[in-house]
Amino acid sequence: MKLVTAVIKPHKWEEVREALAAAGVAGMTVTEASGYGQQKGHTEVYRGAEYDVSLVPKIRLEVVVDDADVESVVGTITSAAQTGKIGDGKVWVVPVESVVRVRTGETDEAAV
Amino acid sequence: MKLVTAVIKPHKWEEVREALAAAGVAGMTVTEASGYGQQKGHTEVYRGAEYDVSLVPKIRLEVVVDDADVESVVGTITSAAQTGKIGDGKVWVVPVESVVRVRTGETDEAAV
Amino acid sequence: MKLVTAVIKPHKWEEVREALAAAGVAGMTVTEASGYGQQKGHTEVYRGAEYDVSLVPKIRLEVVVDDADVESVVGTITSAAQTGKIGDGKVWVVPVESVVRVRTGETDEAAV
Amino acid sequence: MDTGYAAYAAWILASASLVLLMTPGLALFYGGMTRAKSVLNMIMMSFGALAVVPPVFILWGWSTAYGEDVGGLFGNPFEMFGLQDVPATDYVYVAFQVTFAIITAALISGAIADRVKFSAWLVFLPLWVTLSYLPLAHQVWGGGFLSDAASGLSAKVFGVVDGAAEIAPIDYAGGTVVHINAGVAGLVLVLILGARRGFNKEPMRPHSLPLTMLGAGLLWFGWFGFNAGSYVPDAENFDLEGFVGETGLVWVNTTAAAAAAILGWILVEKIRDKKATSLGAASGVVAGLVAITPACGALSPLGSLALGLVAGALCALAVGLKYRFGFDDSLDVVGVHLVGGLVGTIAIGLLATSGGLFYGDGLKLFVVQTLIALYAVVWSGIATAIVGFAIKATIGWRIDTEDEVSGIDFVEHGESAYDFATTGGSPFKTGA
Amino acid sequence: MDTGYAAYAAWILASASLVLLMTPGLALFYGGMTRAKSVLNMIMMSFGALAVVPPVFILWGWSTAYGEDVGGLFGNPFEMFGLQDVPATDYVYVAFQVTFAIITAALISGAIADRVKFSAWLVFLPLWVTLSYLPLAHQVWGGGFLSDAASGLSAKVFGVVDGAAEIAPIDYAGGTVVHINAGVAGLVLVLILGARRGFNKEPMRPHSLPLTMLGAGLLWFGWFGFNAGSYVPDAENFDLEGFVGETGLVWVNTTAAAAAAILGWILVEKIRDKKATSLGAASGVVAGLVAITPACGALSPLGSLALGLVAGALCALAVGLKYRFGFDDSLDVVGVHLVGGLVGTIAIGLLATSGGLFYGDGLKLFVVQTLIALYAVVWSGIATAIVGFAIKATIGWRIDTEDEVSGIDFVEHGESAYDFATTGGSPFKTGA
Amino acid sequence: MDTGYAAYAAWILASASLVLLMTPGLALFYGGMTRAKSVLNMIMMSFGALAVVPPVFILWGWSTAYGEDVGGLFGNPFEMFGLQDVPATDYVYVAFQVTFAIITAALISGAIADRVKFSAWLVFLPLWVTLSYLPLAHQVWGGGFLSDAASGLSAKVFGVVDGAAEIAPIDYAGGTVVHINAGVAGLVLVLILGARRGFNKEPMRPHSLPLTMLGAGLLWFGWFGFNAGSYVPDAENFDLEGFVGETGLVWVNTTAAAAAAILGWILVEKIRDKKATSLGAASGVVAGLVAITPACGALSPLGSLALGLVAGALCALAVGLKYRFGFDDSLDVVGVHLVGGLVGTIAIGLLATSGGLFYGDGLKLFVVQTLIALYAVVWSGIATAIVGFAIKATIGWRIDTEDEVSGIDFVEHGESAYDFATTGGSPFKTGA
Ligand SMILES: Nc1ncnc2c1ncn2[C@@H]1O[C@H](COP(=O)(O)OP(=O)(O)O)[C@@H](O)[C@H]1O
Ligand SMILES: Nc1ncnc2c1ncn2[C@@H]1O[C@H](COP(=O)(O)OP(=O)(O)O)[C@@H](O)[C@H]1O
Ligand SMILES: Nc1ncnc2c1ncn2[C@@H]1O[C@H](COP(=O)(O)OP(=O)(O)O)[C@@H](O)[C@H]1O
């Protein structure tokens, strides 16, 4: 089992979700995140004082997948989330040692 | 060391925290998350227009534990978070290579 | 590649960001989190009724780095985030199997 | 019609508008105190009152309150059904009075937050207004049993002079009709409905105190209409100085009591909890305004300061009782409106510059004020119990427990209050 | 000057203040309905109207509306340019009228939310007020073509009696000038500008319904000034009972319609969507108030209840049309103000206690009301189209599509609405 | 008493209510500008003023402002202690005046946001009101040194005619007493207290601009009472046309200045920062209202437009000074109220239609206005310094630096402003 974590642009979320669903990924966990990278934040001015907002909003997805599906899932996310502009995000993969479905206690492949 | 990540129903948080405390887990990191899976979101209607809220609120816990405690921690969370209904969540375990306690610089077992 | 995850005190964020930038880390992903540990929350009173707020606000950083940089990144974060008081946080390192830059499809070292 | 009366009309029109604003103000005051997952329902209970009470009042309400007396208890509801035959110049009174009925009904909602079917609330409103509010309004202001009528309660106790009770009961703007009435109704409903799941176990923190502070500000503002608008003129023989002097006094007393009650409330908090809270300040405002409501025309500004201070402190102590006795008066309608209403109504017997014990005028007024307060408690208790049990036995009051946990806003209204997601396509929502 | 007139002055000053408050109220009503990334721009469109319209009105607006008649269409804008030679006692009217111009212009903004350059809006405001609002105000209230003038529309159709139209068109407080006018302008602009990116595909949920409810409460409150402040007295020969009676009736009718319209709207929702929403209740308030605006002096309270119920239900049905026909009237200015304005203006022909079909007075008034409503649609449509296309052809209306996605608040105003970050040094911001 | 006076009474009652609302409005205006962790404390500083000032004013305030003159500096505080012997018909003045004292004190709080012990603030309030506000009120409005009294400042400079100063100083509604006074007090306190930790280093963004816009709307609304309610009638010989004409003019001028000042402020922003912000618009509203406050009865509407435009632009430039000079006037009380107050007070010497330089009446009024403005600066500066240093030397002003970082709301009030957690049992809180 692997854990695929993807950081994407928020307005791409809907497309990524649909692409993953089409690819048979039925579950994932999503968090709101902020990104720091080549894509710069912006400057706001309040009563003449400048505020640097250095972070940009991102969506962070976590999907636990079978080893066999890793490549396809990473590919699906990558192509669905791509706009070609700086700040499109990253996807990384981490090994998972075990998974449990809380409701049933099922583990590993059966739990995803 | 392992990192146990658990996604649970928000109203189970209090019980999970108490169960973990009873099991001797003294620290964890919690984030608000949204889940997508078999448990479906709901539909809201504003001025006659339907909005599909596809995600459901979840709590995401991260606990770094000694290798020896992994099984008991996963078990504790699983049983405390269980309601038996769809959407109870998932728990997964990832290997950790090192841990540092920022305050003291202590590492690994001593840092948790 | 490794994934360095750090949980720090929110008001240390600016210093950590600057220290990492100085150390050549150009990208990271940040989430708002809540911590549970030795640092205790506080009690609020509304119309005479006490509410225990058990969690304390934290910032959670994720940085994917080359194997070679792990130690320096962990060290940089640790020293920048340190106040010496309880609750300074934790840093942990997890192995990463692959990374993709969504915009270009570049992988691994080139993707960070 | 006396020319000066036109000035009064300008003021009562402004006052009616001010009192109307109190109900949206209350919606925010209460809404801020609920959790984010039930704020819309809380607000909707007030808007429900805004929707249901005006038709009721236009159809039979005005007539039931101010129509021909039936046994001292209520007016003939059919006499001016649909406002037929109401003289045009009476419409300003209809305007003013309908706003009182709306806010009184809306006040009750705080006691039963987070757990009531919206349909049950919409059914409760016309029934309760008809059985509890309108009769009490008639009895107090329509020349009924709690007025100074020769056939009234006070007259029965202390006799009649010149065709009216020797001791005229005093309820300037609604200590009995509005606050005791709403407070008792809240208590009775809580006892019938039961507590929220998790009451006294889980924290149920206010989700937006700025909203509550805003609500308190709007309530204070509107209360000037409530109190100073309650001046009763003689249209044909308008008393210029009476109008200017009495409304001015009422305005000052209203502010004095609200200010002092903030101090009273946060003083108790500072001593008991070590911190003066903003929720305490907002609550103090309301407690002081409740207490001064019946008394605002009868006290001096110094007396009003004293009343406010005491009322603020007592209500601050009273809101803890629900945990002691285990009734889930969610937003403290009992602790603030019933207690504050009783304090204000009864304290008149002590503090009234004319008739009050402290001004050397003996105990008679005190006895009368205590009696009308108790009478209001009983009337409201019985009327509310009838309506409350009837609804319980038929359509039922409560939503499912599971729905309570997941949040009444979505369950009853299909909405969530907030969505602070950073971007359009984002999947997040906040607030249930 | 009659002494009673001073009372009227007190009331119109209060009324002008109330109507001024409606525009910030509208800003919140609309602002709550947008997404968090565009709430500031929405609010700023109202504040833009608050900034631009008063100078326009002081410079040439008052004169264009109430100056010497030019062809029945507008007043001479130069006659009282800069308010020169306006008698001091007329300033209360200037005060009252400027607030109407402000809110009417601000109403339009809801139709074109989230996508308009702030500079384009600031240019639109004076042009539109000059070409659409002021002429219509003149025609209806300044003795022009839609008034009962002998040279007016009604006189042309049904003849003249005693130097005025036999059938006087009725628009008490602005069904044509304000609501039909704003509603048509919204529609025309939407057609010129086009839809938001993602319209009818992405969810665009209200980001803060409590803000919207607050706005609705402030609008209702302000509307008492709008309607009851529109009473027109005779300064020299002040009619005391007329003042008291008519303003009182208008107040009661205003509340009756708003209340009933809440019921009408949420009833439709309950049947169609299974849930009564708080957005529906807030929308019902506005729909009812819109419909009663022209009618508030002509109906009985029962008639007002009926009108409100119908208007609430019809507007609830009408807001869905934009999805059917694909025009992105973002916050339903058409569905609420145009539809509600038409319903109210035309229903007068049926429900007016004097002149209405249902009161046995035949169809003449109905015909006249329908004609003035249609005339207002045409005038507003043409005037708005001229201004709208002129701006499109020159500076352009729309911000970049990408900027629309990332949020107009930052792009146009350099701000984000909210920052709920838990700590000072925290990097998070919400709502941008 | 003249019958027309009753109309004035209706208006001043409404006005007093409007001005009372300004303080909760200010609480939100300021509260929205703070960070989420200190919004409650900011609001509580206003509610503290609402709690403390009315008792002070009832006990000795009214008497100190309007009692028997003592050396031209203040009234005898014991003469009408506790409002004893105040004629009933004067209560409407007490009502109106107490609201001025409350808001003036509350204004100061913006300068010292996020860092002051609530107890120190509660001690500051009565002392400052007694030493700075009440004497200035007496001197300007109570026939003291800044009035047109024969023993007053203007009389000393330009002589006496008919027992009064030849050149009557003009401060219609409080440019000196309210705005210069509060602005100077803010500045002095900032200098005594020092800056917030992180000032000029960390971003301290407004946490909720919609709250600030709402506050600005309520302030504008309330300001009509503030300005137009400041009309001074002759009760026995009521001047009908004077009342109608002057209050109408004041209303129009108030709106003209506020509108133009929005334009002035956002124009500066557009040029300097490339974007017109909503915070700028809200600030412009207040700047314009501040400037017109002393001038609203003396200018024409065109003059008011000019004054507003200039005041908006100047204040927009002035708020940057604190970064230049390093004083942490957190929410720009100096930049808006001191600068705006000075601009308005002094500009009267130029723009007054009777007496102003631009109207060919020479420089005398300009000199007088400048003198009273400077005098107010000095008086307020000294009085505030005395109170400020006294508190610093005894109980101390500041909370711990660490507490400042973690947030004053929890530390001083034990609360957090917001909790948008999605579910009841959820562990999250936001905004603390
Ligand atoms: N080393 C990293 N570790 C974790 N997340 C990263 C890292 N670098 C970038 N990110 C995330 O990816 C997002 C996009 O990165 P950025 O450098 O802005 O653009 P791009 O990936 O297109 O080159 C960032 O906003 C951040 O959330
Ligand atoms: N493959 C997955 N990877 C990561 N998180 C998952 C995955 N599948 C489900 N989840 C998380 O677990 C939650 C519960 O899953 P769901 O399928 O709804 O119910 P159940 O686990 O009871 O079958 C989801 O809301 C989501 O947060
Ligand atoms: N076992 C753990 N797993 C994950 N996060 C932890 C763990 N223990 C502590 N943390 C995180 O580190 C933060 C600081 O820990 P705490 O025990 O309060 O202080 P310290 O690290 O200084 O001893 C916690 O608030 C929590 O977010």
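Letters A, B, ... are given to chains in the order of the sequence lines, protein chains preceding strands, and every chain is numbered from 1.
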[atom1]-[atom2] distance between [X] and [Y], expressed to the nearest 0.5 angstrom:
X        : Y        : atom1 : atom2 : value
E:Thr3   : D:Asp2   : OG1   : CG    : 10.5 Å
E:Thr247 : D:Ile12  : OG1   : CD1   : 10.5 Å
D:Leu122 : E:Ile266 : CG    : CD1   : 5.5 Å
D:Ile43  : E:Met213 : CD1   : CE    : 6.0 Å
E:Thr255 : D:Ile102 : OG1   : CD1   : 6.5 Å
E:Leu305 : D:Leu59  : CG    : CG    : 6.0 Å

Go through the atoms of [X] and report whether side chain, backbone, both or neither lie under 4.5 Å from a heavy atom of chain E.
X        : value
D:Ala235 : neither
D:Leu13  : both
D:Phe47  : both
D:Leu50  : both
D:Met1   : both
D:Ser208 : neither
D:Asn41  : neither
D:Val411 : backbone
D:Leu211 : side chain

Pick from [options]: which one has the most heavy-atom pairs with chain D under 4.5 Å?
options                                : answer
E:Glu269, E:Glu241, E:Lys274, E:Lys275 : E:Lys275
E:Gly248, E:Ala216, E:Ala258, E:Ala14  : E:Gly248
E:Ala260, E:Gly217, E:Gly245, E:Ser278 : E:Ser278

What is the minimum heavy-atom distance between [X] and [Y], and which atoms define it?
X       : Y        : value
D:Ile58 : E:Ala256 : CD1-CB, 3.5 Å
D:Ala6  : E:Gly4   : CB-O, 4.4 Å
D:Leu40 : E:Pro210 : CD2-CD, 4.1 Å
D:Ala95 : E:Trp251 : CB-CE3, 3.3 Å
D:Met44 : E:Ala281 : SD-CB, 3.5 Å
E:Trp11 : D:Ser17  : CH2-OG, 4.3 Å

ask   = Counting only heavy atoms not in E:Glu402, do more than 12 sit closer than 6.0 Å to its CD atom?
value = no
message = Strictly distance-based, threshold 3.5 Å: is any side-chain N or O of D:His413 a donor or acceptor partner for the main-chain N or O of E:Ala276?
response = yes
ask   = Do you know which of D:Ala51, D:Ala10, D:Ala9, D:Pro24 has the most heavy-atom pairs with chain E at a distance under 4.5 angstrom?
value = D:Ala51
Winner by heavy-atom pair count (cut-off under 4.5 Å) against chain E, out of D:Gly32, D:Pro87, D:Ala88 = D:Ala88
query = Quick one: does D:Pro55's side chain get under 4.5 Å of E:Leu263's, heavy atoms only?
reply = yes
inquiry  = A side-chain contact here means heavy atoms from C-beta on lying under 4.5 Å apart; do D:Leu83 and E:Leu302 qualify?
reply    = no
message = Does E:Tyr418 form a side-chain contact (heavy atoms from CB on, under 4.5 Å) with D:Tyr418? I'd like the steps, not just the answer.
response = CA-CA 12 Å; E:Tyr418 303 103; D:Tyr418 303 103; over 6 Å; no
query = Going through the distances and angles, do E:Val252 and D:Phe57 end up as a side-chain contact (heavy atoms from CB on, under 4.5 Å)?
reply = CA-CA 11 Å; E:Val252 170; D:Phe57 204 79; over 6 Å; no
remark   = Which of E:Phe224, E:Trp223, E:Phe221 passes side-chain contact (heavy atoms from CB on, under 4.5 Å) with D:Leu20? Answer is E:Phe224
inquiry  = So for E:Val250, is it side chain, backbone, both, or neither that comes closer than 4.5 Å to the heavy atoms of chain D?
reply    = neither
Check against side-chain contact (heavy atoms from CB on, under 4.5 Å), E:Leu214 and D:Leu28 = CA-CA 7 Å; E:Leu214 164 61; D:Leu28 304 178; 3.5 Å; yes
